[in-house]
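Residue numbers count from 1 along this sequence.
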Amino acid sequence: MFEFSEFKFLHHLDRFRAICRGELPPPVTFEVDLTNACNHRCPWCVDHSYNSRTNTTLKESSFLNFGDEIAQKGVHSIIFKGGGESLLYYSFSKVVQHLGSKGLKLGLITNGETIDRHLKAIPHLSWLFVSLDAGTAKTHQKLHKPFKSDAFHSIVDNLYQISSSVFTGVDYIIHPENIQEIGLATQIARDVGCRCIAFKRVIGEDNKKFTPKMLREVDELIIKMKDEQENADFQILGTRFNSFSPENKTLPYTICLAHHLVGVLGSDGHLYPCGALRGEVDYSYGSIYRGSFQDIWYGKKRKAVLKKIIRKECADRCLGRTSYSRYDHYNNLLQYLTTNKEKVGHIDFL
């Protein structure tokens, strides 16, 4: 299964070379928050603070114009995620079908409860991940705190309905309250026809509740599930033990350049360098309500923000300090590629 290969970047070497030359290429992917409204209240949500200050939803016409433009400028894909629950967006199906017709590949990360409202849109997606985070309705209710008490069963039923029409996976945030249900969730994901389950470590204050014994238990359970459940059609992801370290880690690179590869459009209409800076006015590149992608991406405001990132003014907000991030992988590559050849040494040997 190559969908999650760490070598996918090789298909976008043109972007990496442009970044190394100091250019500003369009991103490969845009992460889009259609709305910051949500019908679940997960304790680990990184958007609680921002969502409590404002309630925003993207204007359909402005977003569709934005989508048309980025498709023409060479952006390959959009991931609907973060900020809130994308499936609460009033015209989700219309937006998905329109953007797909422009050649953009589309992915969705959702809590899964309202998938049944948008069944016509699902086949237009390249993939869909459901944040399940539990193996029983009781634990799901305790952690996700959905407004509807039968949400867990609705989500599982929805997974049954769609898993044959789109590449479907389950996300599982490992929390001290759901360690014992790793096996149950894995079995559910496989039984409903998902192609994988991805385990991730909780971030924030709850991460400090892990004991060394819990971390060993997590490691043992995931290894056990890989032995018992994994096969050619079902994969278990996210087994990096350092992802479960209770302490913040040192960033494995000196300068962040990965944000050039993945753009972020917030539900407020602003473009940001990464999800961790969503809603931070000082890090906004500009608003799609007041300018085109071309004007924003190559404008003075974005260039000023890039200088702040180079000065590491945002380092204390970086999620890479608290858990493994795909930005870490890209930044390590970019740091190597931008290092003087003499300093690298032995480049003629493979």
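Once rounded to the nearest 0.5 Å, the distance linking CZ of Phe16 with CG of Leu10 reads 8.5 Å. Rounded to the nearest 0.5 angstrom, Leu257 CG and Ile309 CD1 are separated by 9.5 Å. Interatomic distance, CD1 of Ile109 versus CH2 of Trp127, reported as 4.5 Å (0.5 Å rounding). Between Leu221 atom CG and Lys226 atom NZ the span is 14.0 Å, to the nearest 0.5 Å. In this structure, SG in Cys194 is found 12.5 Å from CG in Asp233, a value given to the nearest 0.5 Å. The CG atom of Leu119 sits 7.5 Å away from the CG atom of Asn158 when rounded to the nearest 0.5 Å.
At least one side-chain heavy atom of Glu313 sits less than 4.5 Å from a side-chain heavy atom of Tyr283. A 4.5 Å side-chain heavy-atom check between Cys318 and Tyr327 finds every atom pair outside the cut-off. Annotation: side chain of Lys73 is not in contact with side chain of Trp297 (no heavy-atom distance under 4.5 Å). Residues Cys20 and Leu337 have side chains in contact (heavy-atom distance under 4.5 Å, counting atoms from C-beta outward). Side-chain contact between Leu237 and Phe4 is present, with heavy atoms from C-beta onward closer than 4.5 Å. Val192 has its side chain within reach of Val156: a pair of non-hydrogen atoms, C-beta onward, lies under 4.5 Å apart. Side-chain contact between Leu271 and Phe66 is present, with at least one heavy-atom pair separated by less than 4.5 Å. Put simply, the side chain of Asp191 does not reach to within 4.5 Å of the side chain of Ile188, judged on heavy atoms.
Nearest heavy atom pair, residue Glu230 against residue Ile236, reads OE2-N, 2.8 Å. Closest heavy-atom contact between Thr254 and Lys312: O-CE, 2.6 Å. Here the closest non-hydrogen pair linking His144 and Leu132 is NE2-O, 3.6 Å. Taking both residues in full, the closest heavy atoms of Gly112 and Ile155 are given as C-CG1, 3.8 Å, listed atom of the first, atom of the second, then distance. Nearest heavy-atom pair across Tyr336 and Val344 is OH-CG1, 3.2 Å. Between Leu261 and Pro27, the closest heavy-atom pair is O-CB, 3.4 Å.
Listed for the Glu181 side chain is a donor-acceptor partner under 3.5 Å among the backbone atoms of Thr136. For Glu31 (side chain) and Ile79 (main-chain N/O), no donor-acceptor pair under 3.5 Å exists by modelled atom type. Checking side-chain atoms of Arg15 against main-chain N and O of Pro26 turns up a donor-acceptor pair under 3.5 Å. A distance-only check finds no donor-acceptor pair linking the side chain of Asn331 to the backbone of Tyr253 [under 3.5 Å]. Side chain of Glu69 to backbone of Gln294: a donor-acceptor contact under 3.5 angstrom is found. With hydrogens and angles ignored, the 3.5 Å screen pairs a side-chain donor or acceptor of Thr338 with a backbone N or O of Gln335. Looking at Tyr160, its side chain never comes within 3.5 Å of a backbone N or O of Gly193 through a donor-acceptor pair. Judged by distance alone, the side chain of Asn231 and the main-chain N or O of Phe234 form a donor-acceptor pair under 3.5 Å.
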Test log, rule side chain to side chain donor-acceptor pair (under 3.5 Å), inputs Glu113 and Ser154
CA-CA 6 Å; Glu113 187 178 344; Ser154 296; 5.9 Å; no
Before you tell me yes or no, could you show the steps for Ile173 and Ser131 under side chain to side chain contact (heavy atoms under 4.5 Å, CB included), namely the whole-Å CA-CA distance, both residues' side-chain angles and the distance that decides it to 0.1 Å?
CA-CA 8 Å; Ile173 298 292; Ser131 301; over 6 Å; no
Walk me through whether Ser101 and Gln97 qualify under side chain to side chain contact (heavy atoms under 4.5 Å, CB included).
CA-CA 6 Å; Ser101 73; Gln97 293 179 59; over 6 Å; no
Determine whether Asn111 and Val130 satisfy the following criterion, side chain to side chain contact (heavy atoms under 4.5 Å, CB included), listing intermediate values before the conclusion.
CA-CA 5 Å; Asn111 62 41; Val130 169; 6.0 Å; no
Derivation of the side chain to side chain contact (heavy atoms under 4.5 Å, CB included) call for Phe199 and Ile222
CA-CA 9 Å; Phe199 293 102; Ile222 294 179; 4.0 Å; yes
CA sep, side-chain torsions, deciding dist, call: Thr139, Glu177, side chain to side chain donor-acceptor pair (under 3.5 Å)
CA-CA 8 Å; Thr139 299; Glu177 300 287 345; over 6 Å; no
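Around NZ of Lys308, the count of heavy atoms belonging to other residues, nucleotides or ligands within 6.0 Å exceeds 12. With a 6.0 Å radius and a threshold of 12 heavy atoms from other residues, nucleotides or ligands, Lys301 has its NZ atom above the threshold.
Checking Gln141 against Ser149 by side-chain atom types alone, no donor-acceptor pair falls below 3.5 Å. In this model, a donor atom of one side chain and an acceptor atom of the other lie less than 3.5 Å apart for Ser91 and Glu60. Using modelled atom types and a 3.5 Å distance limit, the side chains of Asp295 and Ser292 yield a donor-acceptor pair. For the residue pair Thr35 / Ser267, no side-chain donor-acceptor distance below 3.5 Å is found, with atom types taken as modelled. Neither side chain, Gln229 nor Thr186, offers a donor N or O lying under 3.5 Å from an acceptor on the other.
Residues Phe92 and Phe80 bring their aromatic ring centres within 6.0 Å.
Screening Lys145, Glu85, His140 for a side chain to side chain contact (heavy atoms under 4.5 Å, CB included) involving His40 leaves a single residue, His140. The one candidate from Leu104, Ile70, Val28 that meets the side chain to side chain contact (heavy atoms under 4.5 Å, CB included) condition with His76 is Val28.
Criterion: ILVMFWY side-chain heavy atoms under 4.5 Å apart, direct or through other members. Under it, Leu306 and Tyr330 are not part of a common hydrophobic cluster. A chain of hydrophobic side-chain contacts below 4.5 Å, direct or via other Ile, Leu, Val, Met, Phe, Trp or Tyr residues, connects Ile174 to Leu143. In terms of hydrophobic clustering, with Ile, Leu, Val, Met, Phe, Trp and Tyr side chains grouped at heavy-atom distances under 4.5 Å, Val32 and Leu88 are assigned to different clusters. When hydrophobic clusters are built by joining Ile, Leu, Val, Met, Phe, Trp and Tyr residues whose side-chain heavy atoms come closer than 4.5 Å, directly or via intermediates, Phe30 is grouped together with Val95. In this structure, Val281 is not a member of the same hydrophobic cluster as Val305, with clusters built from ILVMFWY side-chain heavy atoms closer than 4.5 Å.
With respect to the salt-bridge test (charged N to carboxylate O, under 4.0 angstrom), the residues Lys200 and Asp171 qualify. Classification of Lys224 and Glu228 as a salt-bridged pair holds, one side-chain N sitting under 4.0 Å from a carboxylate O. Taking the charged nitrogens against the carboxylate oxygens, Asp33 and Lys81 have no contact shorter than 4.0 Å, which rules out a salt bridge.
Counting only residues at least two apart or on different chains, no salt bridge (Lys or Arg N to Asp or Glu O under 4.0 Å) pair has a member in residues 117-141.
Taking the ring axis of Tyr289 as reference, the NZ or CZ atom of Lys59 stays within 45° of it and closer than 6.0 Å to the ring centre.
Taking a 4.5 Å side-chain heavy-atom cut-off between Ile, Leu, Val, Met, Phe, Trp and Tyr, the cluster of Val264 extends to Tyr272.
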